[in-house]
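Data block below; observations after.
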There are 2 protein chains.
Amino acid sequence: MTGTPLSRSEAKDLTRRRLIRAAFAILDEEGEAGLTTVKVARAAGIAQSSFYVHFKDRQDLLRALGDQAGERLRATMREARRRAHETPDDGERHRDTFRIPLEAIRRHPELFRIGLRARHDPSSPLQDFAVESSAAYRAHLAADLAAMGFPTGTERDRRRLEMIADGINALTNAMAVGHLEGRYPDLEEVVDVLVAFSKGYLWLLRPPRRPLSETE
Amino acid sequence: MTGTPLSRSEAKDLTRRRLIRAAFAILDEEGEAGLTTVKVARAAGIAQSSFYVHFKDRQDLLRALGDQAGERLRATMREARRRAHETPDDGERHRDTFRIPLEAIRRHPELFRIGLRARHDPSSPLQDFAVESSAAYRAHLAADLAAMGFPTGTERDRRRLEMIADGINALTNAMAVGHLEGRYPDLEEVVDVLVAFSKGYLWLLRPPRRPLSETE
DNA sequence: AATTTCACCGATAGTACTATCGGTGAAAAA
DNA sequence: TTTTTCACCGATAGTACTATCGGTGAAATT
């Protein structure tokens, strides 16, 4: 029943991980307002004052949460790139573009919800992290689109690309929220809709009607 | 310099409106966590204890804020319907579908930001209001799409319609955020992108290729 | 075996906020 | 004019949380 006897540092590390896990759960269920040292410590099974053995203060915990969330996010993006590279370049790869982020969100819904919330909350110490993450994701998508042949010559071109990337991100998030709330149970239906929307911006890619002969 | 001498009830009403205005500003700038009776009262120029002359408790203030936000939202939707009805049914009407909500958001950015934030915050007393509002808007868009000829026969058809409506809403919100953050200064460029995305789902509308002669 | 380290504990000082209470003066009612 | 009403005030009790402190025992070190 009782496992291996743990060394002191192992036990401390375990407690720290329990605290972080508890903090994520509370943040997800009750929001920023519910995240107190009292609740986190109790959920992790230690005294409130012992919280300070592991974190300098409340802010320090938030920083650790941001770090961990960032690490998972980066791992997810690496994984997505890897899988996209493996998929054959037919219709299925295009669907994968949407399916992979959705599956990543489903794997860590609490991280997704926390990020979504922090993104627009000026009182959240995680806001900077969320804003940077979404900007990074936007840039990542915009680069992919540029690689597909979207024009990036003018400032206006680049802005439009960023808007499209922003839109794809927003669409994906909205569908993910609907899926997590149970409104869209079937992920393949979700991917169908995202593919439908994508036909719109892909239309911008089609060969220019004017073969660059006019004066301007 | 000093205006008309106010009657007692007029003065009280003015103070109440000052409190609500201050509450919206604080909510927008500092988030839910910053909204305390101390700050609201000070911003409105009265003593903290006098807050309770106007509101039963903190919760009561939030309720009042939700009521007022709901009223403005409904007014905006009525206005949008009216204007859409007036616009000639050419390409411009289609652009108006996107332009009108964007302009409404620009008119009350603080309400928009507060709603966006509350939508995913379980600790926010405004969450219910935000969730209901977005569901109402989704239904409103879905009805418009059905009127345009999208199929609604099967459960799956209706779910797809809701997903598209959800997507349009998410796109509009994301573009509005970018505009308010200064990334997309030109609203016409924003409308261009929304129109591009819309070509995608409108493609689903096109006449069925099979004229219903086959066995199935 | 003797000593040191340290993760955890209970107690508590300090801080910020909510909500109530009795008092006050000017507006409103009599 | 006299009386009543009430929006606002300062003071304060009560609550919830943050962060610190000295103490304890078992693990780790010597």
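A note on names: the letters A, B, ... follow the listed sequences, proteins ahead of strands, and every chain is numbered from 1.
Summarising the local packing, CZ of A/Arg72 is surrounded by more than 12 heavy atoms from other residues, nucleotides or ligands at distances under 6.0 Å. More than 12 non-hydrogen atoms from other residues, nucleotides or ligands lie less than 6.0 angstrom from CD of B/Glu92. Crowding of B/Arg93 atom CZ: a count of heavy atoms from other residues, nucleotides or ligands under 6.0 Å exceeding 12.
Pair assignment for C/dG22 gives D/dC9, based on Watson-Crick or G-U wobble hydrogen-bonding distances that are each under 3.5 Å. Of the nucleotides present, C/dT3 is the one that pairs with D/dA28 by Watson-Crick or G-U wobble criteria, both distances under 3.5 Å.
Taking the side chain of A/Val53 as heavy atoms from C-beta on, and the options C/dC8, C/dT18, D/dA19, the nearest nucleotide is C/dC8.
If you find the closest nucleotide of DNA chain D to B/Gln48 and to B/Lys12, the one lying nearer the 5' end belongs to B/Lys12. Looking at which nucleotide of DNA chain C each of B/Gln59 and A/Arg8 is closest to, the 5′-most match is held by A/Arg8. Remark on DNA chain C: of its neighbouring residues B/Ser7 and B/Val38, the 5'-side contact belongs to B/Val38, judged by nearest-heavy-atom nucleotide.
Put simply, CG on A/Leu61 is 11 Å from P on D/dA19, counting in whole angstrom units. Atom CD in B/Glu30 sits roughly 10 Å away from atom P in C/dC17 (whole-Å rounding). One can place CG of A/Asp60 at 12 Å from P of D/dT20, the figure rounded to the nearest angstrom. Per the geometry, CG belonging to B/Leu14 stands 14 Å off P belonging to D/dA7, to the nearest Å. Atom CG of B/Asp57 and atom C1' of D/dG14 are 16 Å apart (whole Å). Separating the CZ atom of B/Phe51 from the C1' atom of C/dT20 is a distance of 14 Å, rounded to the nearest angstrom. Protein atom CG of B/Leu19 is 12 Å distant from nucleotide atom C1' of D/dC8, rounded to whole Å. The CZ-C1' distance, from B/Phe55 to C/dT20, rounds to 18 Å in whole Å.
Contact annotation for A/Thr36: backbone-only contact, meaning every heavy-atom pair under 4.0 Å involves sugar-phosphate atoms and none involves a base. Nucleic acid contact for B/Ser50: base, since at least one base atom lies under 4.0 Å from a heavy atom of the residue.
A salt bridge links B/Glu155 with B/Arg158: the distance from a Lys NZ or Arg NE/NH1/NH2 to an Asp or Glu carboxylate oxygen falls below 4.0 Å. Between B/Glu103 and B/Arg83 there is a salt bridge, since a side-chain N of the basic residue sits under 4.0 Å from a carboxylate O of the acidic one.
The side chain of A/Arg58 contributes an N or O atom lying less than 4.0 Å from OP1 or OP2 of D/dT18. For C/dA19, the OP1/OP2 oxygens have no side-chain nitrogen or oxygen of B/Ser49 closer than 4.0 Å.
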